[in-house]
Amino acid sequence: MGKPKATTPATGPAASPFETPDAAQDVGRDAAVSLVGSNTDPLLLGLIIRGNPRHADAIFAYLSEQHGMALVRQVSEYATALTAQSGDGALDLGVTSAAGRLASEQGVVAGPDGKPVATADPKEKLPYDKAGGWDGATICAKLGQNDKLAGTDSDRERCTFAAALAAHVLAGPTACARFLVGFANEHAPKPAKGAAPTMTLRQRAAAEMMLSVASTVGAGTGTFGDLSWAQEAMHAYLTTDEHAGGRGGTDVIVSSMETYEPLNVRIEKIDALLGFGEDLGEGQWLMVSLHCEYDRPKQGKGDAAKGDDATGAAPSPKDYIHQLMLIRQDGRLLIYDSDQPSGQNLWPATSGRLERYLKGDYDAQYFMIQGQVTPKTADKAPT
């Protein structure tokens, strides 16, 4: 369902250095490996160095060791140019807005009844604790794929990204920030050997946004709006359409921080779905897509989000595929559904709750267990 037009200027998270949360603990080569990963795109590497100046020497040394001085010179040129253009560690929101319309004119999303979906206050600070963590369950319960931000336009398309981010939110702020930095690294366009970097302005804007959100998360100043912008940036990073576009519930988003076992099992009975869930270990999750049809108004002269009366057209059926996450967290089996009009997106995975998808709210035909994700332990993490 589309989002109505809004006239409010688009904004993003507050400008801040792109520092990762555990930089104080990471030193030397370990910090460089953590930040760089396998990325060789000079532009993205320049962004990382611009945001992590304290690790610049270690990153350059690592790049020289792995790829030689030719890449180091390219990266240095980009880092210098980026700092000169936007200032040391500052995110230029004007550039972000213009760069491929990561931020657009779209407004607040409406639910099936045409009313705004209940969402968290984007200015609300995330519930950090005094031990360097946060209440991930509370965050995921309030954070869905829909938001009150006028500048985001992928609300109806980003369930996959919301679910992937939620898994790392539940793992804590350090895991969340590392996931965002890793996402920018691992999904950066790979140029042909000897070719110039291929990152578009839109992708650069998305990378800057993800790194900026990683910074606020790690600094203990993150807000719900920052995480919504992270979802938007993840979606924009992997799509070419300036206004939302595809990448729906059948996508699989897995980072190098975890392993993925494809399953592709069709499930029509709740007991069978719960059976797979009961076998999950702590921190493991299942990517589950929901398959059904729903009636949507045909495009007419009115606003389709307002219903049939506004469009003057009869509804038309449309296949609906939506991704959910079934996760074992703190010993409990939970379901995360990012598209709940009530604004409550995290629930205990009970048969009664899951049954509503087949008989009530969605009248779905079946679930598809796409695969199982297992976080890598620290001693097995790639270096």
Taking every heavy atom of Leu143 against every heavy atom of Ser228, the minimum-distance pair comes out as CD1-OG, 3.8 Å
With Asn345 via side-chain hydrogen bond (donor to acceptor under 3.5 Å, both in side chains) - residues at least two apart = none
Does a donor on one side chain sit under 3.5 Å from an acceptor on the other, for Gln284 and Thr374?
-> yes
Look at Arg73 together with Glu77 and state whether they make a salt bridge at an N to O cut-off of under 4.0 Å.
-> no
Can you pull the salt bridge (Lys or Arg N to Asp or Glu O under 4.0 Å) pairs that have at least one residue in residues 366-375, sequence neighbours excluded?
-> none
Would you list the pairs meeting salt bridge (Lys or Arg N to Asp or Glu O under 4.0 Å) in which at least one residue belongs to residues 58-72, sequence neighbours left out?
-> Arg29-Glu65
Any residue meeting side-chain contact (heavy atoms from CB on, under 4.5 Å) with Glu124, in chain and number order, not counting sequence neighbours = Asp121, Lys142, Phe224
Do Met287 and Met325 pass the side chain to side chain contact (heavy atoms under 4.5 Å, CB included) test, and can you show the C-alpha distance, the side-chain angles, and the key distance before you say yes or no?
-> CA-CA 5 Å; Met287 290 182 176; Met325 177 178 65; over 6 Å; no
Given side chains that start at C-beta, do those of Leu324 and Ile335 come closer than 4.5 Å, heavy atoms only?
-> yes
Would you mind reporting whether Leu211 and Glu208 have side-chain heavy atoms less than 4.5 Å apart?
-> no
Side-chain touch Thr223/Trp229, heavy atoms, less than 4.5 angstrom | no
Could you tell me how the ring of Phe179 sits relative to the ring of His168: parallel (under 30°), tilted (30 to 60°) or perpendicular (over 60°)?
-> parallel
For Glu186, what residues pass the side-chain hydrogen bond (donor to acceptor under 3.5 Å, both in side chains) criterion, not counting sequence neighbours?
-> Ser256
Same hydrophobic cluster for Leu290 and Met368, using side-chain heavy-atom links shorter than 4.5 Å among ILVMFWY?
-> no
Go through the structure and list residues passing side-chain contact (heavy atoms from CB on, under 4.5 Å) with Ala162, not counting sequence neighbours.
-> Gln145, Gln231, Tyr336, Ser338
With sequence neighbours excluded, tell me which residues meet salt bridge (Lys or Arg N to Asp or Glu O under 4.0 Å) with Glu268.
-> Arg266
Between Val288 and Gln370, is any pair of side-chain heavy atoms under 4.5 Å apart?
-> no
Identify the heavy atoms of Ala214 and Val181 that sit nearest to each other, and give their distance.
-> CB-CG2, 3.9 Å
Give a yes or no on whether the backbone of Leu170 and the side-chain of Gln329 come within a donor-acceptor separation of less than 3.5 Å.
-> yes
Apply side-chain contact (heavy atoms from CB on, under 4.5 Å) to Asp57 and list each qualifying residue two or more places apart in sequence or on a separate chain.
-> none
Please answer: with hydrophobic residues joined when any side-chain heavy atoms are less than 4.5 Å apart, are Val33 and Leu63 in the same cluster?
-> yes
Which atom of Leu346 lies closest to which atom of Ala137, heavy atoms considered | CD2-O, 3.5 Å
Sub-6.0 Å ring centroid separation between His187 and Tyr237 = no
Leu165 side chain reached by Leu180 side chain, heavy atoms, under 4.5 Å = yes
Check the side chains of Asp226 and Thr216 for a donor-acceptor pair under 3.5 angstrom, ignoring hydrogens and angles.
-> yes
Scanning both residues in full, the closest heavy-atom pair of Leu326 with Leu280 reads O-CD1, 3.5 Å
Treating Ile, Leu, Val, Met, Phe, Trp and Tyr as nodes and any side-chain heavy-atom pair under 4.5 angstrom as an edge, say whether Ile267 and Tyr366 lie in one connected cluster.
-> no
Please output the side-chain donor-acceptor pairs of residues 271-279 that fall under 3.5 Å, not counting sequence neighbours, one pair per line with the distance.
{"unit_1": "Glu278", "atom_1": "OE1", "unit_2": "Arg328", "atom_2": "NH2", "d": "3.4"}

For Tyr62 against Ala32, the heavy-atom pair lying closest together = CB-CB, 3.7 Å
Residues that Glu282 engages under salt bridge (Lys or Arg N to Asp or Glu O under 4.0 Å), provided they are two or more places apart | none
By side-chain hydrogen bond (donor to acceptor under 3.5 Å, both in side chains), Thr259 pairs with (sequence neighbours left out) none
Using the test ring-ring contact (aromatic ring centres under 6.0 Å, His included), find all partners of Tyr128 that sit at least two apart in sequence or belong to another chain.
-> Trp134
